[in-house]
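The structure displayed is predicted, hence computed values, not measured ones. Order of listing sets the numbers, starting from 1, for every ligand and every atom in it.
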Amino acid sequence: MAKIIVVTSGKGGVGKTTSAAAIATGLALRGNKTIVIDFDVGLRNLDLVMGCERRVVYDLVNVIQGEAGLNQAMIRDKRVDNLFILPASQTRDKDALTSEGIERVLEELNKDFDYILCDSPAGIEQGAQLAMYYADAAVVVTNPEVSSVRDSDRILGLLASKTRRAERGEDPVKEHLLITRYNPARVDDGDMLNLEDIREILAIDLIGLIPESEAVLRASNQGIPVAHDQGSDAGQAYVDTVSRLLGEDVPLRFHEYQKKGLLSRMFGGGRR
Ligand SMILES: Nc1ncnc2c1ncn2[C@@H]1O[C@H](COP(=O)(O)OP(=O)(O)OP(=O)(O)O)[C@@H](O)[C@H]1O
Ligand SMILES: [Mg+2]
């Protein structure tokens, strides 16, 4: 039985696709057969972040509309054995995804996989609701800004009311908070919300904190999920996040502003 995890946010551009790719990679590196599905019809970002965009032939919509089988559309990751990607289509209209179609795809994957990650589109409309509908757990990606926290709160409302688990009165979708693009220096300066404020407002389990990091941009330019860059702060933070998802107790890192010593100030840039 696969565990279905939706990576969602409400507000756009907060790091969902980056996180879905990194967490899927981390889960697969830990030996779990994992697939990450791009629900962002029309944008198709996940395959770029995963570095497989040139290998996309069929996509989720083709599968749902019966034009291709799952095996034709799934792309095997070139770095990690038990990791697969199901891309979104770039051109079709967003209404091409149907709830019944997604249910069929998930049921077929359920037999084979340990984890199914759903990379949600931004917003709280139809596409985002479809991405979360069948989820067992949700990673709610939030930046340390008022607008992002507010939109995450709206997503928590949807998770509690508009999912299959909610409709059937089953155990609720397990909600996890993932704070991304955290910049302790800017938090110290009062430009951003701090960790405690965010936790107090959203009041759900904190699964990880990913610092603002150049490693993310570098990784996405190279099409190599940042979880592979385990020398980087963001790479390590995603590895920690995956360990917590697997039930391990890992202390939080990267949330405190480290004042730079003289040497790193001379050679290593400033506070950002
Ligand atoms: N920890 C981070 N540090 C620096 N940049 C980051 C970090 N996380 C994400 N980004 C950058 O933020 C931008 C948005 O990230 P991403 O595409 O993952 O967000 P998204 O939530 O999937 O966006 P959308 O809502 O459009 O799907 C990208 O340019 C990405 O490289
Ligand atoms: Mg995205």
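When each of Leu156, Leu178, Asp153 is paired with Val140, the side chain to side chain contact (heavy atoms under 4.5 Å, CB included) condition holds for Leu156 and for no other. The only member of Ile155, Asp151, Val14 that meets side chain to side chain contact (heavy atoms under 4.5 Å, CB included) when paired with Thr8 is Ile155.
Annotation: Gly13 places an N or O atom under 3.5 Å from an N or O atom of ligand 1; distance criterion only.
By the criterion of a heavy-atom distance under 4.0 Å, neither the backbone nor the side chain of Asp119 is placed next to ligand 1. Contacts between Thr180 and ligand 1 below 4.0 angstrom, taking non-hydrogen atoms only, are absent altogether. If you look at Pro121 next to ligand 1, there are no close heavy atoms at all, none under 4.0 Å.
The shortest separation from a heavy atom of Ala219 to ligand 1 is not under 4.0 Å, leaving the residue out of contact. Judged by the shortest distance from any of its heavy atoms, Ser213 lies inside the 4.0 Å radius around the atoms of ligand 1. Taking 4.0 Å as the cut-off, Ala234 does not count as a neighbour of ligand 1 on heavy-atom distance.
Among protein heavy atoms, the minimum distance from atom 30 (C) of ligand 1 is reached at Thr18 OG1, 4.0 Å. The single protein non-hydrogen atom nearest to atom 31 (O) of ligand 1 is Val216 CG1, 3.7 Å, given as residue, atom name and distance. Among all non-hydrogen protein atoms, the one lying nearest atom 1 (N) of ligand 1 is Pro211 O, 2.9 Å. Summary of contacts: the protein heavy atom closest to atom 29 (O) of ligand 1 is Leu217 CD1, 4.7 Å.
Looking at Arg181, Glu214, Lys16 and measuring to atom 21 (O) of ligand 1, the nearest heavy atom belongs to Lys16. If you check each of Asn143, Val141, Asp40, Leu48 against atom 27 (O) of ligand 1, the one with the closest non-hydrogen atom is Asp40. For atom 17 (O) of ligand 1, the nearest non-hydrogen atom from the set Ile210, Thr17, Asp38 belongs to Thr17. Atom 19 (O) of ligand 1 has its nearest heavy-atom neighbour, among Ser232, Gly10, Gly15, in Gly15.
Residue Gly12 has at least one heavy-atom neighbour below 4.0 Å for each of these atoms of ligand 1: 25 (O). Close contacts between ligand 1 and Ala122 involve ligand atoms 25 (O) [criterion: under 4.0 Å to a heavy atom].
Salt bridge status for Glu145 with Lys11: present, with a side-chain N to carboxylate O gap under 4.0 Å. Between Asp205 and Arg244 there is no salt bridge, since no side-chain nitrogen of the basic residue lies less than 4.0 Å from a carboxylate oxygen of the acidic one. With salt bridges taken as basic N to acidic carboxylate O contacts below 4.0 Å, none links Arg165 and Asp171.
At least one side-chain heavy atom of Val7 sits under 4.5 Å from a side-chain heavy atom of Leu117. The side-chain heavy atoms of Asn194 and Asp197, taken from C-beta on, include a pair separated by under 4.5 Å.
For CD of Glu248, the number of neighbouring non-hydrogen atoms (other residues, nucleotides, ligands) closer than 6.0 Å is greater than 12. The neighbour count for Glu200 CD, taken as heavy atoms of other residues, nucleotides or ligands under 6.0 Å away, does not exceed 12.
Annotation for Lys78 and Gly51: closest pair NZ-O, 2.9 Å, computed over non-hydrogen atoms.
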- Carefully, step by step, assess Ser120 and Asp40 under the rule side-chain hydrogen bond (donor to acceptor under 3.5 Å, both in side chains). CA-CA 6 Å; Ser120 174; Asp40 209 345; over 6 Å; no

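Ser120 lies apart from the Mg ion (ligand 2) in this respect, since none of its N, O or S atoms is found at a distance under 2.8 Å.
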